[in-house]
Amino acid sequence: TALAGAVRSRPLLTSTTLDLTGCSSLESSALESLATSMLTSRLHSTVLTLDETTLTNDGAAKIARQMSTCQQLTTATVSVRGCSELTDAGLASLGQELGKLGKLRTLAVDASDLSEVTSEGVE
């Protein structure tokens with residue numbers, strides 16, 4: 001995508017923000033592609049807002065895996081509020097991959113209003 005090219009062509013870019021709130025017509029694969037294109041190894045800070053989208057467990061896992069490659073990341077904000085396709089498995093993927101970021105100092109995750117997530121998914 002043009003967005004991915006813009007990110008890749010900026011070697012000094014250390015912070016990104018992507019807000020796709022309410023983009024319910026985007027398929028999960030498109031969400032994954034956009035979100036992962038914003039996550040490069042040189043990032044120190046990122047904000048991903050995917051509220052009320054079609055994000056699936058598989059999509060969350062792919063985004064989380066890409067985020068775990070950002071070993072310089074010190075601050076991350078991820079919001080998946082109201083993603084009706086997301087379940088315990090998707091939140092588990094996020095937690096496992098974010099746990100691999102040794103330099104991460106600040107983490108904010110908004111997982112509110114997820115109808116398919118149980119107490120198991122947040123423990």
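Below, each value reflects all heavy atoms present in this structure, side chains not excepted, and no hydrogens, waters or symmetry copies. The first residue in the sequence is number 1, and the count goes up from there.
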Before giving the answer on side chain to side chain contact (heavy atoms under 4.5 Å, CB included), spell out for V47 and T16 the whole-Å C-alpha distance, their side-chain angles and the decisive distance to 0.1 Å. CA-CA 6 Å; V47 176; T16 59; over 6 Å; no
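- From I63, atom CD1 reaches atom CG of L31 across 6.5 Å, with rounding to the nearest 0.5 Å.
- Between the OG atom in S41 and the CG atom in L73 there is a gap of 11.0 Å [rounded to 0.5 Å].
- For the pair Q72 and K103, the minimum side-chain heavy-atom distance is below 4.5 Å.
- One N or O on the side chain of T36 and one on the backbone of E32 form a donor-acceptor pair closer than 3.5 Å.
- Here the SG atom belonging to C70 is positioned 9.5 Å from the CZ atom belonging to R42, to the nearest 0.5 angstrom.
- The closest donor-acceptor contact from the side chain of T74 to the backbone of H44 lies under 3.5 Å.
- Considering only heavy atoms from C-beta on, L20 comes within 4.5 Å of L18 through its side chain.
- A distance-only check finds a donor-acceptor pair linking the side chain of N57 to the backbone of G90 [under 3.5 Å].
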The test is side-chain hydrogen bond (donor to acceptor under 3.5 Å, both in side chains); show your working for T56 and D58 and say whether it passes. CA-CA 5 Å; T56 63; D58 187 47; 5.3 Å; no
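- Inter-residue side-chain proximity for L13 and T40 is flagged as unmet; no heavy-atom pair is nearer than 4.5 Å.
- Taking the charged nitrogens against the carboxylate oxygens, R81 and D110 do have a contact shorter than 4.0 Å, which makes a salt bridge.
- Around CD of Q71, the count of heavy atoms belonging to other residues, nucleotides or ligands within 6.0 Å exceeds 12.
- D88 contributes a side-chain N or O that, together with a main-chain N or O of T118, makes up a donor-acceptor pair within less than 3.5 Å.
- M67 and L48 get closest at one heavy-atom pair: CE-CD1, 3.6 Å.
- Side-chain N or O atoms of T54 include one that pairs as donor or acceptor with a backbone N or O of L26 at under 3.5 Å.
- Heavy-atom minimum distance, L91 versus A111: CD2-CB, 4.0 Å.
- Of the possible polar contacts, none joining the S68 side chain to the K100 backbone as a donor-acceptor pair under 3.5 Å is found.
- No donor-acceptor distance shorter than 3.5 angstrom exists from the side chain of E116 to the backbone of E85, with no hydrogens or angles considered.
- Between the side chains of D51 and T49, no donor N or O sits under 3.5 Å from an acceptor N or O.
- In this structure, the separation between CG on L86 and OG on S28 is 9.0 Å, given to the nearest 0.5 Å.
- In terms of heavy atoms, Q66 sits closest to T69 at O-OG1, 2.6 Å.
- The shortest distance between side-chain heavy atoms of T17 and T46 does not fall below 4.5 Å.
- Here the shortest heavy-atom pairing between T53 and C83 reads OG1-SG, 3.6 Å.
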